[in-house]
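Comments concern the structure below.
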Amino acid sequence: MDPRGTGASSNVTCGLFQPLVSTDPRDRSKANLDLLYDSMRLQAQFCQTKSGELGKHITTEQTVKDLDLLRQILGKKKVSWLGYSGGSWMGAYYATYFPKTLDRIVLDSNAEFTGPWQPVFDDWGMGFERRFRVDFLPWVAKYDHVYHLGKTGEEVRQAYERTRAKLAEQPVTLPEGTYYPVTLDMIIRSGLYSKDMFDATARTLAQLAGTAARTLGAQASYPDAEFGTLYSIICNDTPFRGDRKYLERDAVRDGAKWPLFGYYQIMGPCAFWDRPNVNLKQLTGIGVAPTLMVQSVRDAATPLEGAQRAHKNFKNSVLLTVENEGDHGIYGFDNSCVNDIVERYLVDGVTPAKDLTCQGVPLPAPGGTAGNPLAKARQLATQLGW
């Protein structure tokens with residue numbers, strides 16, 4: 001099915017409004033801050049004006065009710081739930097609103113679903129910085145003979161910083177588009193979701209590092225329906241704490257600690273959102289079927305700390321922690337330990353008696369996953385909406 005707001009369902013739209021792609025959030029000058037936060041205010045205005053009355057009803061509560069209507073139409077008394085990333089939030093709410101209809105529940109790469117949306121995205125700076133420094137940078141350095149970006153993680157990080165600074169002075173235009181500092185950050189961020197993307201990400205960084213150095217001185221169907229739905233959900237569902245002054249302080253604080261992505265504020269437009277009267281039920285897990293949560297320790301987009309808090313607050317949940325792993329989206333890919341535990345529960349109904357751990361899958365050699373359809377599937381499955 002296409003959830004409300006997307007695809008062949010009635011669409012919401014932000015009027016094709018595009019967030020600024022050339023404005024560097026590290027630049028804290030007054031002129032640049034005006035651009036950044038005026039853009040967030042306009043984004044909120046465009047999303048709500050263009051989506052009209054429908055936009056007020058794009059919420060998690062309404063979506064789980066749609067899902068249960070689908071269950072009834074299909075004539076199913078019981079269903080099971082497998083949800084990745086934002087699907088962990090949705091699954092926990094479906095279980096809370098319709099506990100008697102759920103048989104088995106698996107939540108993989110968990111958002112902190114027992115609290116508001118804001119901390120979920122506030123943790124991105126920390127999560128992506130950790131994955132960047134602990135996994136990606138040392139891996140690129142290990143294969144310096146391939147990428148030529150540095151023989152230590154710090155040397156590779158400095159290569160990234162130099163390239164970023166040069167792009168700020170002079171953007172680089174290649175056949176696939178123009179690259180700004182923000183573009184580079186987004187490429188790195190995207191590549192940190194899965195180890196299978198490390199090689200392509202490092203090659204792009206290496207290409208830009210060389211190119212930047214040489215170039216310096218040289219019904220209605222809306223294509224943004226998923227974008228509009230994302231912001232309708234996160235800004236309608238739960239209150240946002242803070243205004244522009246809060247955002248400015250928050251960015252400086254997080255950016256100093258986590259420079260890779262700490263300056264970015266995904267939920268910034270929610271500070272300017274005219275939020276409707278939405279009151280989601282409190283999630284406790286009481287009366288819900290056993291819930292198996294799967295979580296890697298260095299997941300960047302949904303960090304371990306948030307998953308642990310959700311596990312603590314959601315009764316009758318069991319946490320399967322994947323050590324030495326940072327991929328976002330684990331079950332159904334290439335970890336046999338995880339797959340076995342999940343399928344014993346999901347297929348055979350054997351609920352783990354306590355929290356468990358599995359070991360992660362080692363990082364691949366360069367080129368080892370080039371063109372791998374599994375890598376592409378993971379990227380699609382785990383990044384949509386994030």
Taken in chain and number order and not counting sequence neighbours, the residues that satisfy ring-ring contact (aromatic ring centres under 6.0 Å, His included) with Phe17 are Phe46
Is it the case that the side chain of Asp108 and the backbone of Tyr331 share a donor-acceptor pair, with hydrogens and angles ignored and the cut-off at 3.5 Å?
yes
Taking the basic N atoms (NZ, or NE/NH1/NH2) and the acidic carboxylate oxygens, is any pair closer than 4.0 Å for Asp68 and Arg71?
yes
If you look only at pairs with a residue in residues 278-313, which of them pass as a ring-ring contact (aromatic ring centres under 6.0 Å, His included), with sequence neighbours excluded?
none
For Glu248, check side-chain hydrogen bond (donor to acceptor under 3.5 Å, both in side chains) against everything at least two apart and list the hits.
Arg244
If you look only at distance, which donor and acceptor atoms sit under 3.5 Å apart when one is on a side chain in residues 180-187 and the other is two or more places apart or in another chain?
{"unit_1": "Thr183", "atom_1": "OG1", "unit_2": "Tyr180", "atom_2": "N", "d": "2.9"}
{"unit_1": "Asp185", "atom_1": "OD1", "unit_2": "Tyr160", "atom_2": "OH", "d": "2.8"}
{"unit_1": "Asp185", "atom_1": "OD1", "unit_2": "Arg164", "atom_2": "NE", "d": "3.1"}
{"unit_1": "Asp185", "atom_1": "OD2", "unit_2": "Arg164", "atom_2": "NE", "d": "3.2"}
{"unit_1": "Asp185", "atom_1": "OD2", "unit_2": "Arg164", "atom_2": "NH2", "d": "2.7"}
{"unit_1": "Asp185", "atom_1": "OD2", "unit_2": "Tyr264", "atom_2": "OH", "d": "2.7"}

Can you tell me how far CG of Leu107 sits from CH2 of Trp89, rounded to the nearest 0.5 angstrom?
13.0 Å
Quick check: do Asp135 and Phe198 have side-chain heavy atoms less than 4.5 Å from each other?
yes
Answer yes if the side chains of Thr357 and Thr321 hold a donor-acceptor pair under 3.5 Å, and no otherwise.
no
A side-chain contact here means heavy atoms from C-beta on lying under 4.5 Å apart; do Pro19 and Gln43 qualify?
yes
Exceeds 12 heavy-atom contacts within 6.0 angstrom, atom NZ of Lys257
yes
Atom NZ of Lys315: over 12 foreign heavy atoms under 6.0 Å
no
Atom CD of Gln72 with >12 non-hydrogen neighbours under 6.0 angstrom:
yes
Would a single hydrophobic cluster contain both Leu320 and Val318, if residues Ile, Leu, Val, Met, Phe, Trp and Tyr are joined by side-chain heavy-atom contacts under 4.5 Å?
yes
Should Leu247 and Phe272 count as side-chain neighbours, where that means a heavy-atom distance under 4.5 Å?
yes
What is the distance from atom CZ of Arg131 to atom NE2 of His328, rounded to the nearest 0.5 Å?
11.0 Å
Of all residues at least two apart in sequence or in a different chain, which pass the side-chain hydrogen bond (donor to acceptor under 3.5 Å, both in side chains) check with Asp340?
none
Per the disulfide (SG to SG under 2.5 Å) rule, what does the pair list look like for residues 23-121, sequence neighbours excluded?
Cys14-Cys47
Between Val278 and His57, is there a side-chain heavy-atom distance shorter than 4.5 Å?
no
Taking atom types as modelled, is there a side-chain donor on Thr302 or Asn110 under 3.5 Å from an acceptor on the other?
no
Going by side-chain hydrogen bond (donor to acceptor under 3.5 Å, both in side chains), name the residues that satisfy it together with Arg275, two or more places apart in sequence or in a different chain.
none
Look at the side chain of Glu155 and the backbone N and O of Leu149, then say whether any donor-acceptor pair between them is shorter than 3.5 Å.
no
Can you confirm whether Phe333 sits close enough to Asp327 that some side-chain heavy atom of one is under 4.5 Å from a side-chain heavy atom of the other?
no
Under the rule for ring-ring contact (aromatic ring centres under 6.0 Å, His included), what residues qualify as partners of Tyr37, not counting sequence neighbours?
none
Tell me, please, which residues at least two apart from Trp258 pass ring-ring contact (aromatic ring centres under 6.0 Å, His included).
none
I want to check something: taking the side chain as every heavy atom from C-beta on, are Pro25 and Leu36 in contact at a cut-off of under 4.5 Å?
yes
Does Trp273 have any side-chain hydrogen bond (donor to acceptor under 3.5 Å, both in side chains) partners at least two apart in sequence or in another chain, and if so, which?
Asn236
dist Thr163:OG1 -> Gln207:CD (nearest 0.5 Å) comes out at 11.5 Å
Salt-bridge present (Glu61, Lys281; N to O < 4.0 Å)
no
What distance separates Gln265 CD from Gln118 CD, expressed to the nearest 0.5 Å?
9.5 Å
Is the shortest distance from a Lys or Arg side-chain nitrogen in Glu161 or Arg157 to a carboxylate oxygen in the other one below 4.0 Å?
yes
Could you tell me whether the side chains of Asp237 and Thr60 share a donor-acceptor contact shorter than 3.5 Å?
yes
Please tell me whether Tyr345 and Arg104 have a donor and an acceptor in their side chains that are separated by less than 3.5 angstrom.
no
In terms of hydrophobic clustering (I, L, V, M, F, W, Y; side-chain heavy atoms under 4.5 Å; direct or indirect links), are Tyr231 and Phe240 co-clustered?
yes
Working to the nearest 0.5 angstrom, can you tell me the gap between Leu102 CG and Thr291 OG1?
8.0 Å
Do you know the tightest heavy-atom contact between Asn339 and Gly332?
OD1-N, 2.9 Å
Is the closest side-chain heavy-atom distance between Leu260 and Phe136 below 4.5 Å?
no
Identify, with sequence neighbours excluded, every residue that meets ring-ring contact (aromatic ring centres under 6.0 Å, His included) alongside Phe98.
Tyr94
Say you draw a straight line from OG1 of Thr201 to CG of Leu205; how long is it, rounded to the nearest 0.5 Å?
9.0 Å
Classify the ring geometry of Trp124 against Phe261: parallel below 30°, tilted from 30° to 60°, perpendicular beyond 60°.
tilted
Residue pairs passing the disulfide (SG to SG under 2.5 Å) test where at least one lies in residues 154-199, sequence neighbours excluded:
none
Could you tell me if the side chain of Arg26 sits less than 4.5 Å from the side chain of Pro259, heavy atoms only?
yes
